[in-house]
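Following: one structure in structure tokens, then a few remarks.
Throughout, protein chains are lettered first and strands after them, A, B, ... in sequence-line order, and every chain is numbered starting at 1.
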2 protein chains.
Amino acid sequence: MDTRNALLDQAEEFARRRGFDGFSFADLAESAGIRKASVHYHFPAKADLSFALMERYRVVFMDKLHAISAAESTASARLLQFLNLYRQASDGGRSLCLCVALSVTQTALPATSIAELAAFHRDVTAWLETVFRLGQADGTVQHVSDPRAEAGAAMAQVEGAQIVARAAQDASRFEAAIATLVARCL
Amino acid sequence: MDTRNALLDQAEEFARRRGFDGFSFADLAESAGIRKASVHYHFPAKADLSFALMERYRVVFMDKLHAISAAESTASARLLQFLNLYRQASDGGRSLCLCVALSVTQTALPATSIAELAAFHRDVTAWLETVFRLGQADGTVQHVSDPRAEAGAAMAQVEGAQIVARAAQDASRFEAAIATLVARCL
DNA sequence: ATTCACCTACCTAATGGAAGGTAACCGCAA
DNA sequence: TTGCGGTTACCTTCCATTAGGTAGGTGAAT
């Protein structure tokens, strides 16, 4: 299973830096030091790769969110850690969240990958809602009137923040885009 | 100049639905009813197309923003009209803002296109800042403490909103993502 | 004659595959 | 122990199509 994961790691990096249509199986093969036909062994078609990527990404990301919830007891700290996940993923404007990359080329994805994409947003937004609800209760996040609406907005805000930073290749644009969220954490 | 604009219209639609790497000159030629080599007459390389697309998009979008400013006198109304521009561009989750599509494949773009991309975000964010500043003064937008930070956040939020709606192919996700902004307009 | 906007024909490189093969490893039965 | 079959993970070779172009040409309008 080592080569398969190495391929997924590399594919994820390519997709997040160039978009899903911006790299080929040939690129992937070269970076992994195997032949293109061997990549097909692990992922019969590019669509299979998109599914495997998105499935893994969602599982790993949700694990990280659950780790945050276990390690931090206040809504404020959880939200700041969440923002840090997105900040790291932005990588100074050099990279995007995988789901952004896949959303753009979504018309070419199989239904299974689209379902994983939708599940990612649904799951992350649900987690954010629990955080904002906690923020309302523990008072560590300011101005929370509707946790559900706040969660939807924050989900969009962090994804948009990565795009703006990516377009400008500038980490400070990410910070400028999330500053309102940061300012609300006590 | 008619064919050139028809090509730009079609290219913009393709890019916003499939991503910039998701369509080819052959696709464009077919949809325009001319030969691929003729597309090259108008745009020598795909990079030239990306520049022309982004330049036009920014000019047209800024014109729309200025029209909003001329037609609406309150910050609230302006912000709602701005959101409406993004809502229309989202087209029920079927489409994205051009700059999102180009940001994803940004590593393959020429410097001129990247500069147009950066200028788009800069100009739109600057306009938003004037709106939030007005909102602070006229009291029609709630909870504005730092207009600059608000502008950065709103820029990110609307772009993220389109992505979330696109991923789910669901217009209600767009609405859920901007609801906090809407709720703040009096 | 020049320009514009189209054309045919062609190019190289690349794309996402498909088919058939090999070698190493493992488990199992004789 | 040995041989066999199955599995895994790689390989070469090949395919049809496509991608982004290039060169040279034509006809209409001015």
Under 4.5 Å between side-chain heavy atoms, counting indirect links through other Ile/Leu/Val/Met/Phe/Trp/Tyr residues: same cluster for B/L102 and B/I114 or not?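 Shared cluster, yes.
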
Could you work out, with salt bridge (charged side-chain N to carboxylate O under 4.0 Å, His left out) as the rule, every residue matching B/D91, not counting sequence neighbours?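 Partners of B/D91 by the salt bridge (charged side-chain N to carboxylate O under 4.0 Å, His left out) criterion, ordered by chain and then number, come out as B/R17, B/R94.
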
Would you indicate, yes or no, if [N] has its OP1 or OP2 atom less than 4.0 angstrom from a side-chain nitrogen or oxygen of [X]?
X: B/Y41; N: C/dA5; result: yes
X: B/S38; N: C/dC7; result: yes
X: B/T3; N: C/dA5; result: no

Starting from [atom2] on [N], measure out to [atom1] on [X] and report it in whole angstrom.
X: A/D21; N: C/dA14; atom1: CG; atom2: P; answer: 17 Å
X: A/F14; N: C/dT15; atom1: CZ; atom2: C1'; answer: 15 Å
X: B/H42; N: C/dT3; atom1: NE2; atom2: C1'; answer: 13 Å
X: A/I34; N: D/dT12; atom1: CD1; atom2: P; answer: 12 Å
X: A/R35; N: C/dT15; atom1: CZ; atom2: P; answer: 15 Å

Backbone of B/L186 reached by a side-chain donor or acceptor of B/S76 within 3.5 Å: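 Indeed, once roles are kept as given, a pair shorter than 3.5 Å links the two residues.
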
May I ask you to decide if B/F23's main-chain N or O and B/R18's side chain share a donor-acceptor pair within less than 3.5 Å?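 No, because the side chain of B/R18 does not come within donor-acceptor range (under 3.5 Å) of the backbone of B/F23.
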
Considering non-hydrogen atoms only, spot the tightest contact between A/C99 and A/E159 and give its length.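 Where A/C99 meets A/E159 most closely, the heavy atoms are SG-OE2, 3.1 Å.
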
Distance-only check: which donor-acceptor pairs under 3.5 Å involve side-chain atoms of residues 146-154 of chain B, not counting sequence neighbours?
| from | atom 1 | to | atom 2 | distance (Å) |
| --- | --- | --- | --- | --- |
| B/D146 | OD1 | B/R148 | N | 3.0 |
| B/D146 | OD1 | B/A149 | N | 3.3 |
| B/E150 | OE1 | B/R184 | NH1 | 3.2 |
| B/E150 | OE1 | B/R184 | NH2 | 3.2 |
| B/E150 | OE2 | B/R184 | NH2 | 2.8 |

Nucleotide by nucleotide, nucleotides 19-24 of chain D touches protein heavy atoms under 4.0 Å in the pattern (B base, S sugar-phosphate only, - none) SBBB--

